[in-house]
Amino acid sequence: MVPAGDVIPSAICDSCPLASRRLCRALRDLPAGHRCRPRLRRVRAETTLQGQTECAQFAGILRRGYVRSEQFLMDGRRSVLGFFAPGDLIGTVPGSRRGPALVAASDAEICVLDPAALRGALQQNDLLNAHFLAEAIRLHTRQLEMIWRRGALSSRERIAAFLVMAMEFMPTEPLPDGSVILSVKVSRKDWADFANTTVETICRTLADLAARDMLDPVAPGRYRIRDPGLLAQFAGLEPLGIPPAMLVDDMSGPPQDAATRPVPSRLTTPIYRIRLRLPGLRPGAVPDIRPR
């Protein structure tokens, strides 16, 4: 469980890159003494925020860092189901009861909300309720995208698809030649468990991408993507002309690692979806998502 911290001073909210979010603005517009006013809580990496199958006992907006959702299978293996980025609602969402474990994938800051006060505010404030519902829909859409990527892509494609997805919500540095330097802010083990593969396979795939002149390792956790479109093609993805579910409203690009750093403009690379190549898969059918 995430204990409440101190009430967030207005100065911190004013300097926060998430301050323009409609959801954050709606929370700030609540009366000064309202119990739903957010409190700032700092957690260290690998802190468990919610246990597997536990009822959600907190709600909050991730201000800085990354949180992963994970589940341990019957054979003891861990499966990372997804990542939460700055601006995401974590913990309880409207209609949620139980879910996978939530663990801080890095040092993080969370604007914690009192669940009981939040339920009362949602019942009384239609605008706030609409923003939370939109957030729940976005998170659900994102999870569907991740499920399909795991079921429709091969191991190497899932590894490359993670890099394409990471460019949507992790720190990036666009270069004049069209390449992008990506900083992966989660561990290699988290990456492997999310891509349903092994750390060794990631190492071999990165070496293969470097040999194909598609990627250059710059430093630990930092990669120069020479052509994001070509990498997406390698991953079996195709352009999609709608906003990605990884990006929150009123934010035009990947959040940066430090909460005080400005949010850069959106990358010029298009958003991608899976280019399905599953013979005999009928419309509406569910792909096989068993580990391979």
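What you find for Phe194 and Gly82 is that their closest heavy atoms are CE1-CA, 3.8 Å. Between Leu118 and Ala59, the closest heavy-atom pair is CD2-CB, 3.8 Å. Nearest heavy atoms, Pro228 versus Gly178: CD-O, 3.9 Å. Looking at every heavy atom in both residues, Ala235 comes nearest to Ala161 through CB-N, 3.6 Å. Looking at every heavy atom in both residues, Gly236 comes nearest to Leu153 through O-CD2, 4.2 Å. Between Ile61 and Cys24, the closest heavy-atom pair is CD1-SG, 4.0 Å.
Between the CG atom of Leu133 and the NE2 atom of His131 there is a distance of 11.5 Å, given to the nearest 0.5 Å. Atom CG of Leu163 is separated from atom CE of Met214 by 9.5 Å, given to the nearest 0.5 angstrom. To the nearest 0.5 angstrom, Leu40 atom CG is 5.0 Å from Glu109 atom CD. The OG atom of Ser179 lies 9.0 Å from the CD1 atom of Ile225; values are rounded to the nearest 0.5 Å. Residue Leu128 holds its CG atom at 13.0 Å from CZ of Arg22, rounded to the nearest 0.5 Å. Distance check, rounded to the nearest 0.5 Å: CG of Leu27 to CG of Leu113 gives 5.5 Å.
With 3.5 Å as the limit, one finds no donor-acceptor pair spanning the side chains of Thr201 and Ser155.
A salt bridge links Asp208 with Arg156; the closest basic N to acidic carboxylate O contact falls under 4.0 Å. The pair Arg150-Glu145 does not count as a salt bridge, with every side-chain nitrogen at least 4.0 angstrom from each carboxylate oxygen. Under 4.0 Å is where a charged nitrogen must lie from a carboxylate oxygen, and between Asp193 and Arg77 no such pair does. Salt-bridge formation is not detected for the pair Asp177/Arg226: no Lys NZ or Arg NE/NH1/NH2 atom is positioned less than 4.0 Å from an Asp or Glu carboxylate oxygen.
Gln52 places a side-chain N or O within 3.5 Å of a backbone atom of Phe72 that can act as its donor or acceptor partner. Under the 3.5 Å distance criterion, the side-chain polar atoms of Asn125 are left unmatched by any main-chain donor or acceptor of Leu122. Although no hydrogens or angles enter the test, the distance criterion places no donor-acceptor pair under 3.5 Å between the side chain of Ser106 and the main chain of Gly65. A donor-acceptor pair under 3.5 Å is absent between the side-chain atoms of Arg44 and the main chain of Ala108, judged by distance alone.
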**Request:** Take Phe84 and Tyr66 through the test ring-ring contact (aromatic ring centres under 6.0 Å, His included) and record every step on the way to the result.
**Result:** CA-CA 6 Å; Phe84 294 90; Tyr66 299 90; over 10 Å; no
**Message:** Let's go through Lys189 and Arg78 carefully: what are the C-alpha distance in whole Å and the side-chain angles of both, what is the deciding distance for side-chain contact (heavy atoms from CB on, under 4.5 Å) to 0.1 Å, and is it a yes or a no?
**Reply:** CA-CA 10 Å; Lys189 184 67 169 65; Arg78 185 188 70 158; 3.8 Å; yes
**Item:** salt bridge (charged side-chain N to carboxylate O under 4.0 Å, His left out) assessment of Asp114 paired with Arg39
**Value:** CA-CA 9 Å; Asp114 180 84; Arg39 295 174 177 269; over 6 Å; no
**Item:** Pair Met165-Met146, side-chain contact (heavy atoms from CB on, under 4.5 Å): steps then yes or no
**Value:** CA-CA 10 Å; Met165 181 190 74; Met146 293 180 177; 3.8 Å; yes
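At a threshold of 4.5 Å between non-hydrogen side-chain atoms, the residues Ile90 and Leu49 count as touching. Side-chain atoms of Leu23 and Leu18, non-hydrogen and from C-beta on, never get closer than 4.5 Å to each other. Arg138 places a side-chain heavy atom less than 4.5 Å from the side chain of Glu135. Residues Arg42 and Arg64 are not in side-chain contact: their nearest non-hydrogen atoms beyond the backbone lie 4.5 Å or more apart. Contact check for Leu89 versus Phe132: side-chain heavy atoms found under the 4.5 Å cut-off. With a 4.5 Å cut-off on side-chain heavy atoms, Leu81 and Ile147 do not count as touching. Annotation: side chain of Leu231 is not in contact with side chain of Leu237 (no heavy-atom distance under 4.5 Å). Between Leu102 and Thr48 the shortest side-chain heavy-atom distance does not fall below 4.5 Å.
Scored by the side-chain hydrogen bond (donor to acceptor under 3.5 Å, both in side chains) test, Arg68 finds Glu46, Glu70, Asp190 as partners (sequence neighbours excluded). Residues that satisfy the side-chain contact (heavy atoms from CB on, under 4.5 Å) test with Glu200, not counting sequence neighbours, are Thr198, Arg204. Taking the side-chain contact (heavy atoms from CB on, under 4.5 Å) definition, one finds that Arg188 meets it with Trp191, Val199, Ile202, Cys203, Leu206, Tyr223, sequence neighbours left out. Considering only residues two or more places apart in sequence or on other chains, Ser183 meets the side-chain contact (heavy atoms from CB on, under 4.5 Å) condition with Pro171, Lys185, Arg222. Looking at residues two or more places apart in sequence or on another chain, you find no side-chain hydrogen bond (donor to acceptor under 3.5 Å, both in side chains) involving Gln143.
Grouping the Ile, Leu, Val, Met, Phe, Trp and Tyr side chains by contacts below 4.5 angstrom, directly or via other members, places Met170 apart from Val103. At a threshold of 4.5 Å between side-chain heavy atoms, the hydrophobic network of Ile, Leu, Val, Met, Phe, Trp and Tyr places Leu230 and Phe162 in one connected group.
Leu175 belongs to a hydrophobic cluster with Ile181, counting contacts under 4.5 Å between side-chain heavy atoms of Ile, Leu, Val, Met, Phe, Trp and Tyr, direct or through other members.
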